[in-house]
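Here the structure is laid out as structure tokens; the discussion comes afterwards.
Quick note on labels: first sequence line is chain A, next is B, and so on, each numbered from 1. Values reported hereafter were calculated over all heavy atoms of this structure, with side chains retained and with hydrogens, waters and symmetry mates removed.
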There are 2 protein chains.
Amino acid sequence: MTKADIVNEIAKNTGISKDDVLKTVEAFMETVKVSLTKEENVYLRGFGSFIVKKRAKKTARNISKNTTIIIPEHNIPAFKPSKEFVAKLK
Amino acid sequence: MTKADIVNEIAKNTGISKDDVLKTVEAFMETVKVSLTKEENVYLRGFGSFIVKKRAKKTARNISKNTTIIIPEHNIPAFKPSKEFVAKLK
DNA sequence: AAAGAAAAAGACATAAAATGTCTACCCACA
DNA sequence: TGTGGGTAGACATTTTATGTCTTTTTCTTT
């Protein structure tokens, strides 16, 4: 599914205008991004949590060149699905 | 942030009613869940992809009982953040 | 609907990170 | 108020994440 598919589906199921749905979906994504940038996790009951994970300094590989590089410590965005969501896919 | 926090933030930033925003956010989550249940991934450019990952059969431990359990092969929901999202947190 | 731009997916070897299980407890949301 | 979400523990195995390149897909504009 693409964003357009999602927007159409939501508009169909809720009766809300596609324009408002699109704006809301885009605002949702932007809000999650900004929140995690501020290291504030987002908990969505029954769906999952968008959380910040810390990654230690790491020795990685540039596999194209077969060289070693050091990746400094950094944060990554992660999603932890809720039990309900996981159970739905099992 | 909780769902209510997100809804308030979106309503504030877009001017859309909290009721409509709440309905849209809930419908968004439900649509993503149903899509992944159907093994149809959701691609949201600039945010990330909700994808189905296959987990192989695995031997795990029940540490309370110190016994071994076989977890059968199954699907899990996963999120792959976009490069833009990852870069924002680095 | 078509075109074009750009994001995203996927492949490679290997060190680091995550995974799964159960139980008990606490917090918070609807 | 009921229930979902988060946390901790052990440990052996599985999965991820790095850069670059090519191809595919998304998404905006016309």
With a 3.5 Å cut-off and sequence neighbours excluded, list the donor-acceptor pairs that the side chains of residues 76-83 of chain A form with protein atoms.
| residue | atom | partner | partner atom | Å |
| --- | --- | --- | --- | --- |
| A:Ser82 | OG | A:Gly46 | O | 3.0 |
| A:Ser82 | OG | A:Phe47 | O | 3.4 |
| A:Ser82 | OG | A:Glu84 | N | 3.4 |
| A:Ser82 | OG | A:Phe85 | N | 3.1 |

Short N/O separations, protein against nucleotides 1-4 of chain C, under 3.5 angstrom:
none

For [X] and [N], give me the distance from atom [atom1] to atom [atom2], rounded to whole Å.
{"X": "B:Leu44", "N": "D:dC27", "atom1": "CG", "atom2": "P", "answer": "7 Å"}
{"X": "B:Lys83", "N": "C:dG10", "atom1": "NZ", "atom2": "C1'", "answer": "13 Å"}
{"X": "A:Glu84", "N": "D:dG5", "atom1": "CD", "atom2": "C1'", "answer": "12 Å"}
{"X": "B:Asn62", "N": "C:dA24", "atom1": "CG", "atom2": "C1'", "answer": "14 Å"}
{"X": "A:Ile76", "N": "D:dT16", "atom1": "CD1", "atom2": "C1'", "answer": "9 Å"}
{"X": "A:Ile70", "N": "D:dG19", "atom1": "CD1", "atom2": "P", "answer": "12 Å"}
{"X": "B:Met29", "N": "D:dG5", "atom1": "CE", "atom2": "C1'", "answer": "14 Å"}
{"X": "B:Lys58", "N": "C:dG20", "atom1": "NZ", "atom2": "C1'", "answer": "5 Å"}

What contact category does [X] fall into here, base, sugar-phosphate, or nothing, at under 4.0 angstrom with non-hydrogen atoms?
{"X": "B:Ser82", "value": "sugar-phosphate"}
{"X": "B:Thr67", "value": "nothing"}
{"X": "A:Ile71", "value": "sugar-phosphate"}

Listing request: all salt bridge (Lys or Arg N to Asp or Glu O under 4.0 Å) pairs with a residue in residues 7-17 of chain B, at least two apart in sequence or in separate chains.
B:Glu9-B:Lys12
Could you list all the salt bridge (Lys or Arg N to Asp or Glu O under 4.0 Å) pairs where at least one residue sits in residues 38-48 of chain A, not counting sequence neighbours?
A:Glu39-A:Lys54
Got a sec, which residues hit salt bridge (Lys or Arg N to Asp or Glu O under 4.0 Å) with [X], two or more places apart in sequence or on another chain?
{"X": "B:Lys88", "value": "A:Glu30"}
{"X": "A:Asp5", "value": "none"}
{"X": "A:Lys3", "value": "A:Glu26"}
{"X": "A:Lys57", "value": "none"}

5'-most contact on DNA chain D (nearest-nucleotide basis), B:Lys57 vs A:Val42, goes to A:Val42
State whether B:Lys80 places a side-chain N or O below 4.0 Å from either non-bridging phosphate oxygen (OP1 or OP2) of C:dA9.
yes
Within the pair B:His74 and D:dT14, is there a side-chain N or O less than 4.0 Å away from OP1 or OP2?
no
According to side-chain contact (heavy atoms from CB on, under 4.5 Å), who are the partners of A:Asn8, at least two apart in sequence or on a separate chain?
A:Lys18
The side-chain contact (heavy atoms from CB on, under 4.5 Å) partners of B:Ala56 (sequence neighbours excluded) come to none
Point-to-point distance, once rounded to the nearest 0.5 Å, from CD1 of B:Ile71 to CZ of B:Arg55
12.5 Å
Proximity to DNA chain C (any heavy atom under 4.0 Å), residues of residues 47-56 of chain B only
B:Ser49, B:Arg55
Treating B:Thr31 as the side-chain partner and B:Ala27 as the backbone partner, does any N or O pair qualify as donor plus acceptor under 3.5 Å?
yes
Can you name the closest pair of heavy atoms from A:Ile10 and B:Phe28 and give their distance?
CD1-CA, 3.6 Å
The side chain of A:Ile69 is closest to which nucleotide in this list: D:dT18, C:dC12, C:dA28?
D:dT18
Map B:Gly46 and A:Thr59 onto DNA chain C by nearest heavy atom, then report which one ends up closer to the 5' terminus.
B:Gly46
Expected output is a numbered-order residue list: members of residues 1-17 of chain A with a heavy atom under 4.0 Å from any atom of DNA chain D. What is it?
A:Thr2, A:Lys3
